[in-house]
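Heads up, the thing below is written out as structure tokens.
Numbered from 1 within each chain, the chains take letters A, B, ... in sequence-line order.
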2 protein chains.
Amino acid sequence: MARHRCGQTCPVATNPPSNAAIPAAAAIPAVAVSVDVVLLTLRSGRLCVLVSQRATEPFCGSWALPGGFVAADEDLDSSARRQLAEETGVTTTGHLEQLRTYGCPHRDPRTRVVSVAYLALLPNLPQPTTGRDGQHARWWPVEDLGSADGPTLAFDHPQIVADGVERARGKLEYTPLAAAFCEEPFTLADLRRVYEAAWGVVLDPPNFRRKVLSTPGFVVAVGQRSSPRGGGRPAELYRLGSATALHPPLLRRSV
Amino acid sequence: MARHRCGQTCPVATNPPSNAAIPAAAAIPAVAVSVDVVLLTLRSGRLCVLVSQRATEPFCGSWALPGGFVAADEDLDSSARRQLAEETGVTTTGHLEQLRTYGCPHRDPRTRVVSVAYLALLPNLPQPTTGRDGQHARWWPVEDLGSADGPTLAFDHPQIVADGVERARGKLEYTPLAAAFCEEPFTLADLRRVYEAAWGVVLDPPNFRRKVLSTPGFVVAVGQRSSPRGGGRPAELYRLGSATALHPPLLRRSV
DNA sequence: ACAAAAGTGTTCCCCTTACACCCATGT
DNA sequence: ACATGGGTGTAAGGGGAACACTTTTGT
């Protein structure tokens, strides 16, 4: 047992590190690692993110992403799922992916916190999401975030949300990710509305239909029809297929 | 001053945490944060990654990515640049971007290490890269990594390299990233060979030329011509332009 | 009957592709 | 002269955009 490069005692090799680019006598800095989740959903045609209001300093009264510290023997992905479950009650069957890591030294004014951000996509949840401490959590349309009547986000969470939204928007182009916003089975109109809400555009229904169906395995017909709400021909119902990529992609108008 | 959620004393609020999803009495686990860099370049038409041979346990004799621990007051990006400079002598003017964070609890057998991986792209370096400790560092063609006569990579570095290579390959499609592999000024053939090496395809020179030049700001002519090596008409020389994205993208053949 | 939404057909146009051909230089 | 690589021209085919039109439901 010895004290070496990792700054802790553990039962393996004791040679000085040759592969780590740190000064020989330097201690490994203490860093707290947290996970923050950008949870996006669609509510009445608007892309929304889940945030909860902070009751403590710093940033008391501001809104923050669900998140918390990674446990000792916990994988990062598992931690993200746990934070989501504890703070929203969602045992996610939806999409969850790592987004990016934020490690600016003073992003948390108290101590060094490196935060691994995740992106989660879910269909609209029927029940209002309540934090495990009963804290005030709510959905905010992402387009309201910069505006005057929108929420003030804590820490560097504005940047994290912006990165998450941009990732989601971009991935809609070349992955079947849009289905993560829909409850199965869904109609092609449901799927189209995901793109329209996320990109802020209007898509031509006939062309969208052909495009989606032309990619084998994007969606598969379930053999039933939806009950129309308020007139109109019933739509066929689909489930997400096994395709992992869209070829060719469904590109946004110029960027 | 008080002991609170971040596990350290600091001069701000003392209320119990309401926004962090950790058990009230739990200590913040000690985690070491490191940065590993996937440095890619092109050598004689092959995409290569820089690795250095470990001289200590664990994984003594295996090859590892350049990397090291993040310093106390150091930004993640700065840390990546520092590791690169210390281990390869490169003061990167090339491309550097965050790749992904790897935090599996036992990815390092000694202690918990969360590693933020970076992707760096550089033109072929004339001098052989030597580590700051004189350690054995060399380029390996990425296609040799899985093979029998290729190197054995330490830790989860095979996964990190694979992710980095895939990121680079994908980003060539819709960003001007290929120019990061070329020393300026470069010819369009140089640029084309980047795509051919990275994707393992053969591209039609006339069509490639039109495609590249049709995106305004991808490359700009410098008004000179290259001296041909071994016959052939001299090519026009270009520099990277100001465009940040390719519209429409230069797509790979089906995936 | 009318409105509304789903779905089909059709045309135009741009981009990609493939390949023939010309240009400029080294040997 | 010939090989080599840079660069231009051009015709065929695929996919996207736009929109007319048909189908099926609710009111």
Positive for side chain to side chain contact (heavy atoms under 4.5 Å, CB included) with R209(B), one of V212(B), N207(B), L213(B)
L213(B)
Quick check on side chain to side chain contact (heavy atoms under 4.5 Å, CB included): which of L122(A), L39(A), L40(A) does L50(A) satisfy it with?
L39(A)
Could you tell me the separation between the CD atom of Q224(B) and the P atom of dT25(C), rounded to a whole number of Å?
14 Å
At less than 3.5 Å, do the side-chain atoms of R210(B) and the base atoms of dG7(D) form a donor-acceptor pair?
no
Distance check needed: dC15(C) C1' versus L251(A) CG, whole Å only.
12 Å
Provide, to the nearest angstrom, the distance between the NE2 atom belonging to H247(B) and the C1' atom belonging to dC14(C).
17 Å
Say whether, by atom type as modelled, one donor and one acceptor occur between the side chain of Q98(A) and the main chain of D77(A) under 3.5 angstrom.
no
Whole angstrom is fine here: how far is it from CG in D190(A) over to C1' in dG7(C)?
16 Å
Minimum heavy-atom distance between D36(A) and G67(A), given as atom pair plus value
OD1-CA, 3.5 Å
Find the distance L237(B):CG to dG6(D):P and express it as a whole number of Å.
12 Å
What residue pairs, at least two apart or across chains, pass ring pair (Phe, Tyr, Trp, His ring centres under 6.0 Å) with a residue in residues 203-228 of chain A?
Y195(A)-F208(A)
F186(A) has an atom CZ; how far is it from atom P of dA6(C), in whole Å?
14 Å
Minimum heavy-atom separation for W63(A) to R138(A), with atom names?
CZ3-CG, 3.3 Å
Between the side chains of H157(A) and Q159(A), does any donor sit under 3.5 Å from an acceptor?
no
Does a side-chain N-to-carboxylate-O contact under 4.0 Å join R252(B) and E166(B)?
yes
What integer distance in Å separates R209(B):CZ from dT17(C):P?
18 Å
Could I get a table of every N or O pair under 3.5 Å where one atom is in the protein and the other is in nucleotides 23-27 of chain D?
| from | atom 1 | to | atom 2 | distance (Å) |
| --- | --- | --- | --- | --- |
| dT23(D) | O2 | R233(A) | NH1 | 3.3 |
| dT24(D) | O2 | R233(A) | N | 3.2 |
| dT25(D) | O2 | G232(A) | N | 3.0 |
| dG26(D) | O4' | G231(A) | N | 3.3 |

Can you list, in residue-number order, the parts of residues 198-208 of chain A that come under 4.0 Å of DNA chain C, counting heavy atoms only?
P206(A)
Rounded to whole Å, how long is the line connecting atom CG of L213(A) with atom P of dA6(C)?
13 Å
Is R229(B) salt-bridged to D190(B), cutoff N-O under 4.0 Å?
yes
